[in-house]
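Accompanying notes for the structure given below.
Letters A, B, ... are given to chains in the order of the sequence lines, protein chains preceding strands, and every chain is numbered from 1. Scope of the values below: all heavy atoms of this structure, side chains included, with no hydrogens, waters or symmetry mates.
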Amino acid sequence: MIKLKKIKKQFQKNLVLNGIDLDVEKGDVLVIVGPSGSGKTTLLRCINYLERPDEGSITIDGFTVQGKHASKRDVLALRRKTAMVFQHYNLFKNKTVVENVMEGLIVAKKIPKKEAKEISASLLEKVGLAEKMDEYPSQLSGGQQQRVGIARALALNPSVILFDEPTSALDPEMVGEVLSIIKQIAKEGITMVVVTHEIDFAREVANRVVFMDGGSIIEQGSPEEVLIHPQHERTKRFLKRLVKEPDYAI
Amino acid sequence: MIKLKKIKKQFQKNLVLNGIDLDVEKGDVLVIVGPSGSGKTTLLRCINYLERPDEGSITIDGFTVQGKHASKRDVLALRRKTAMVFQHYNLFKNKTVVENVMEGLIVAKKIPKKEAKEISASLLEKVGLAEKMDEYPSQLSGGQQQRVGIARALALNPSVILFDEPTSALDPEMVGEVLSIIKQIAKEGITMVVVTHEIDFAREVANRVVFMDGGSIIEQGSPEEVLIHPQHERTKRFLKRLVKEPDYAI
Amino acid sequence: MTSGLAGWIDLFIKVLEKLPLTLLMLGLSLFFSIILGVAVAVIRIQKQPVLYQLATFYLSFTRCTPLLVQLFLVYFGLPQLLLAFNIDINGWDRLVFLIIAFSFHTAAYLSEVFRSAYLAVGQDQLEAAYSVGMSYPQALFRIILPQAFVISLPNLGNNIIELLKDTSLAFTIGIIDIMGQVRIILGNNHGMGMFQIYVVISLVYWGTCILIESVIGYLEKVFKKGRVSLSRQ
Amino acid sequence: KESDDGKKVVKIAISDEVNPPFLYADENNEPIGYDIDYLKEVEKKLPDYKFEYIWGEEESNLVGVDTGKYDFAINWFFKNPERQEKFLYPEHEFGYSLTSLVTKKDRDDIKTLDDMVGKKFPPVSPSGGLRAILNSYNDQHPDDPLTLESMDSPSNAENLKMVDKGKADAMFINVTTFNEIQKELNLNLKVAGIISKEPIFTVYSKENAELAKEIDQATVELTEDGTLSKLAEKWFGVDFFQDLEYINEEGFNFEK
Amino acid sequence: MLFSIINLEFALEQFPEVLKGVPATLAIAVVAMIFGLVFGLLIALCRIYQVPVLNRFFIVYISFIRGTPLLVQLYVFFYGVPVLLEFLNEQTGTSFDASEISPLIYAFIAFTLNTSAYQAEIFRSSINAVSAGQMEAAQSVGMTTAQGLWRIILPQAFVVALPNLGNTFIGLIKATSLAFAVKVVEILAIARIIANDGYRFLEMYLVASLIYWVISWVFEVLFAVAEKKMRRYEDRAAGEAA
Ligand SMILES: Nc1ncnc2c1ncn2[C@@H]1O[C@H](COP(=O)(O)OP(=O)(O)OP(=O)(O)O)[C@@H](O)[C@H]1O
Ligand SMILES: Nc1ncnc2c1ncn2[C@@H]1O[C@H](COP(=O)(O)OP(=O)(O)OP(=O)(O)O)[C@@H](O)[C@H]1O
Ligand SMILES: [Mg+2]
Ligand SMILES: [Mg+2]
């Protein structure tokens with residue numbers, strides 16, 4: 001479904017992606033973990049070409065875009081196959097919550113306004129924002145904004161959804177909610193790439209895990225393999241910190 | 001150290017804080033948990049008067065400010081006793097990383113520039129940003145920005161530090177780092193209020209926990225009491241989601 | 001009127017001789033109007049009770065009436081008014097009156113430029129400044145204004161160039177600036193050679209304008225650091 | 001109004017919309033011309049005063065006199081009752097403006113303003129004495145007014161070219177100005193008729209009666225002793241204090 | 001003192017006469033503003049996206065238009081077009097008559113070209129004040145750049161631009177008096193013509209100023225209301241927190 005070949009990206013002197021190769025199958029939920037600054041966000045942004053890779057190629061759904069030189073039309077086609085949940089949410093400031101979700105439906109998918117509104121409303125209800133539909137993003141709490149971002153991406157119903165730390169501002173309850181939504185849409189065959197720091201969440205949601213560090217993929221495999229029995233020294237060190245037997249229970 | 005009395009805050013028709021009373025002792029690390037939208041951020045913002053409470057009073061370090069009507073001087077005095085790590089980081093966009101940290105030292109604490117730079121550099125090193133000192137916030141990854149925010153607050157060395165989800169964008173490694181920093185400065189007698197969604201982190205860092213919902217404090221006590229053996233139904237439900245025996249180990 | 005190359009050069013020199021005076025008027029007026037403009041913008045944003053109403057009235061009056069009338073008010077009216085209080089300022093240089101009038105006029109326009117730029121900076125920056133213990137003025141000068149300044153630069157450019165051309169009104173009260181020089185030459189010739197003269201004056205203004213534009217462009221580059229905008233590509 | 005070397009300073013507003021040879025600027029932008037020579041003669045006669053000249057646009061100068069910023073203004077100020085209501089005019093003129101209609105050489109149908117009813121003038125300045133004469137004509141002939149088109153600072157040279165090209169029928173212009181321009185352009189034009197010999201004055205604010213009187217007195221003396229006639233010869237080549245007939249014969253060579 | 005000089009009765013009498021200049025003033029200002037908005041926006045976009053040839057061209061255009069006096073630009077059309085037409089007539093045997101072109105047309109053209117250069121700079125700065133993340137979000141939901149601009153960026157940029165557009169429009173209203181140089185008789189021109197007969201400049205300037213003020217004030221209010229409406233989404237009006 002997604003095929004990245006030798007993606008390289010450099011900011012000034014800083015080599016952020018060092019030739020990433022990646023394959024994701026249809027319906028996969030691929031989780032990317034890794035230390036802060038390792039290039040996870042940059043990789044995600046390269047997939048829908050918000051960041052122009054210096055080298056390499058991107059294939060989604062059989063449609064290939066060459067890294068450095070892509071025509072506007074190709075880029076647009078690529079983006080129409082994907083949706084993204086941003087690390088900083090990036091909600092449309094001048095649109096209300098429900099308009100934020102509807103916008104892509106109306107403009108890119110040409111769905112009639114009324115229908116778009118219905119779809120949006122039902123999604124917003126799912127993420128617990130039914131009451132906030134007509135407010136502006138500036139009036140929302142952090143977690144509420146994040147949920148609007150999630151709803152906005154889900155509404156598009158694309159082939160691929162890219163999540164950049166979609167639960168960072170969510171409470172455990174909400175995390176569970178999002179978890180079950182993701183699992184459900186995975187069943188419908190939508191491919192997902194999820195960047196996250198929450199290892200528990202990663203284990204629950206992923207069917208494949210990639211561990212990145214310093215712009216390279218260090219290790220990949222099933223959640224079992226990478227998160228529970230990592231092979232690589234760096235991965236072990238990364239995961240060690242929080243490993244303590246939890247002693248709470250209800 | 002901090003004493004909140006009957007803090008109320010309303011946005012239009014939305015009652016966000018419904019008469020909060022809170023006492024925090026010197027050197028305490030108070031953790032606030034609660035569902036998204038329950039008013040945690042708003043409460044934190046009321047403490048340093050970024051949000052003007054509709055009612056109630058705030059006392060920090062023996063210095064009291066009446067909610068609705070506070071003079072500019074009082075507010076400034078209050079703010080000079082506190083520092084804050086924002087949920088959305090709020091870094092100074094026109095300043096480099098190191099300048100972001102130095103700013104408060106030079107302006108509010110009147111520390112000579114050279115010394116301020118040394119303090120800042122050593123703090124940035126602690127949070128792993130020694131290399132990024134001269135970059136602008138727009139060139140940083142999410143987690144890097146969050147760490148600058150933390151360093152900026154720590155540098156001020158105030159009586160009270162307010163953390164709004166300080167680890168939301170951090171990887172487990174970095175979370176451990178921040179955890180140990182917080183523990184260390186708590187020993188130096190600095191009082192901290194931490195809003196977080198990460199229950200593990202909360203358990204590690206807190207010596208008192210408050211559970212909020214719908215603008216009220218539902219339950220408070222030691223981490224044990226609130227997070228492991230909660231009394232209240234709502235708290236139980238909130239914590240239930242992620243409760244699963246972790247089956248990974250290294 | 002001599003035409004030919006010598007005529008052109010002669011004309012140029014005559015006009016250029018007055019350029020320093022024009023630049024002096026421009027520089028001083030600009031300096032004062034920036035200060036006043038920032039003050040008015042902040043007052044209007046902060047909605048300080050009495051000051052707000054005053055500032056809004058000032059803004060309305062100064063923006064909405066002709067500059068010429070304001071120049072007359074300051075040059076002819078102000079001395080009369082002060083004379084009633086036994087203060088005689090009739091002896092002041094005309095340049096002083098002119099700069100007062102122009103500063104007040106331009107400041108009104110600049111205050112709107114700064115207001116919109118200030119509001120575009122975003123509340124989060126102010127809050128961050130507060131959180132590290134800055135007072136409002138400190139936050140204003142260290143955090144908000146530097147960022148607002150970048151945003152306002154192109155508009156600032158617009159207004160500086162407008163001011164440059166407004167200085168030609170100096171002629172009305174007999175200060176012979178570049179435009180005044182041109183009109184005297186034109187008058188001495190009974191309006192003959194208009195084409196040549198207007199070419200010269202346009203070139204001199206344009207040259208000055210290019211100078212202003214390059215300073216603004218340079219500042220935009222320098223201060224853009226750290227800001228991400230659509231035109232970063 | 002302070003003293004400098006014991007003399008009273010008199011502030012005189014002079015028009016920087018210059019108008020040679022009455023008043024214009026030399027190389028250093030110092031004022032010269034008939035007006036200035038006249039004022040210098042006056043100054044000699046009034047030992048208590050020291051004259052100071054201040055450039056300014058005519059409208060602005062009048063506002064300045066009005067508000068007391070200047071003691072008086074000099075330019076081609078024509079007298080009319082409306083203006084006398086507002087400002088103080090001295091009794092005696094210090095010179096004349098000869099106004100004329102200029103047409104193409106081969107036209108004979110235009111001699112007076114009456115002939116211009118229904119015909120076309122080039123655009124006329126909104127202010128100044130010429131405009132005032134045309135306006136007062138229209139006030140006196142409300143049924144057959146002249147058609148006037150106004151324009152800010154029209155160029156005399158451009159306007160004459162319009163007449164030359166037949167885009168306007170005649171231009172109402174000062175004879176001296178026409179002659180100066182004609183020297184340069186040599187258009188196919190002539191003075192078709194002198195319309196008036198318009199006395200010109202200095203203008204004072206009503207509060208300045210005393211000064212006005214003293215200067216008026218000096219003006220009378222200068223006229224009587226022939227000083228002003230000599231000045232006129234110097235600047236215009238003709239003594240316009242003589243009557244029109246004499247001027248027509250001896251003075252400007254209209255058919256040149 | 002000033003008021004003893006001013007003959008209020010006279011001023012009042014002349015008011016209706018001067019009001020006759022209002023249509024010309026408004027016509028020029030509104031026409032120039034509307035076309036200026038469109039051109040200005042297009043120019044700004046060419047500059048922001050650095051459209052190859054156009055970007056260079058418009059840099060020079062903006063510089064030239066801003067750098068030369070509006071009066072000169074008016075003259076260029078006023079004196080230039082007839083010469084051009086004459087030349088055309090000679091060359092091609094046509095018979096255009098320049099004198100039939102209303103001076104208002106020259107004013108429309110010159111003022112529109114002039115103001116569009118200024119408005120281009122206004123839009124450029126306001127579009128750049130919108131954070132780039134907004135465009136990324138638009139693109140992430142499948143919008144083209146044009147759609148993102150139109151639906152997301154421009155509405156936000158317009159809010160930033162409004163106070164500056166207000167400046168420009170009010171400036172424009174007053175600048176229309178320059179059109180008198182090409183025979184368009186508007187408010188100030190009428191006032192000056194009347195003033196000349198009795199040298200009552202103070203009175204007539206007062207009348208003209210009042211009329212300008214009232215007209216501009218109406219637009220000032222309209223702009224303020226529009227800004228308030230459009231800022232709705234910002235919620236926390238900056239400066240509210242003490
Ligand atoms: N626009 C930019 N200009 C310069 N450097 C950049 C830019 N964006 C990112 N970087 C650098 O690239 C590196 C990778 O950034 P990226 O945002 O991909 O990290 P990340 O893995 O998402 O980290 P986090 O978990 O903290 O969000 C960082 O070191 C960052 O400083
Ligand atoms: N400026 C505002 N205007 C209107 N409503 C607001 C504003 N700020 C916050 N709210 C509302 O107040 C409630 C509490 O917000 P707050 O940010 O305090 O929540 P929170 O507990 O921090 O949530 P999260 O965990 O998602 O950050 C939310 O319902 C939010 O919609
Ligand atoms: Mg990231
Ligand atoms: Mg919050």
Problem set entry | Separation of C:L81 CG from D:T67 OG1 (nearest 0.5 Å) | 12.5 Å
For this session: Let me see the working for C:E17 and D:N29 under side chain to side chain contact (heavy atoms under 4.5 Å, CB included), right down to the final yes or no.
Result: CA-CA 12 Å; C:E17 272 172 6; D:N29 289 337; over 6 Å; no
Problem set entry | Flag if over 12 foreign heavy atoms under 6.0 Å of NZ, D:K40 | no
Problem set entry | Note, D:E180 side chain near C:N189 side chain (heavy atom, < 4.5 Å) | no
For this session: Take atom CZ of C:F195 as the centre, draw a 6.0 Å sphere, and report whether it contains more than 12 heavy atoms from other residues, nucleotides or ligands.
Result: no
Exercise. What closest approach, in Å, do C:G187 and D:P20 show between heavy atoms, and which atom pair accounts for it?
Worked result: O-CD, 3.4 Å
Problem set entry | Structural part of C:Q181 lying under 4.5 Å from a heavy atom of chain D | side chain
Exercise. Which distance, rounded to the nearest 0.5 Å, do you find between the CD of D:E57 and the CZ of C:R183?
Worked result: 4.5 Å
For this session: Output the distance between atom CZ (C:F72) and atom CD (D:E59), rounded to the nearest 0.5 Å.
Result: 7.0 Å
For this session: Please flag which part of C:F171 lies under 4.5 Å from any non-hydrogen atom of chain D: side chain, backbone, both or neither.
Result: both
Problem set entry | Name of the residue among C:I185, C:N188, C:L186 meeting side chain to side chain contact (heavy atoms under 4.5 Å, CB included) with D:V18 | C:N188
For this session: With a 4.5 angstrom heavy-atom cut-off, could you sort out which part of C:I173 is near chain D: side chain, backbone, both or neither?
Result: both
For this session: Give, for atom CH2 of D:W55 and atom CD1 of C:I184, the distance between the pair rounded to the nearest 0.5 Å.
Result: 5.0 Å
Exercise. In terms of heavy-atom pairs under 4.5 Å with chain C, which of D:D16, D:N156, D:I14 leads?
Worked result: D:D16
Exercise. Taking the side chain from D:S60 and the backbone from C:T172, do they hold a donor-acceptor pair closer than 3.5 Å?
Worked result: yes
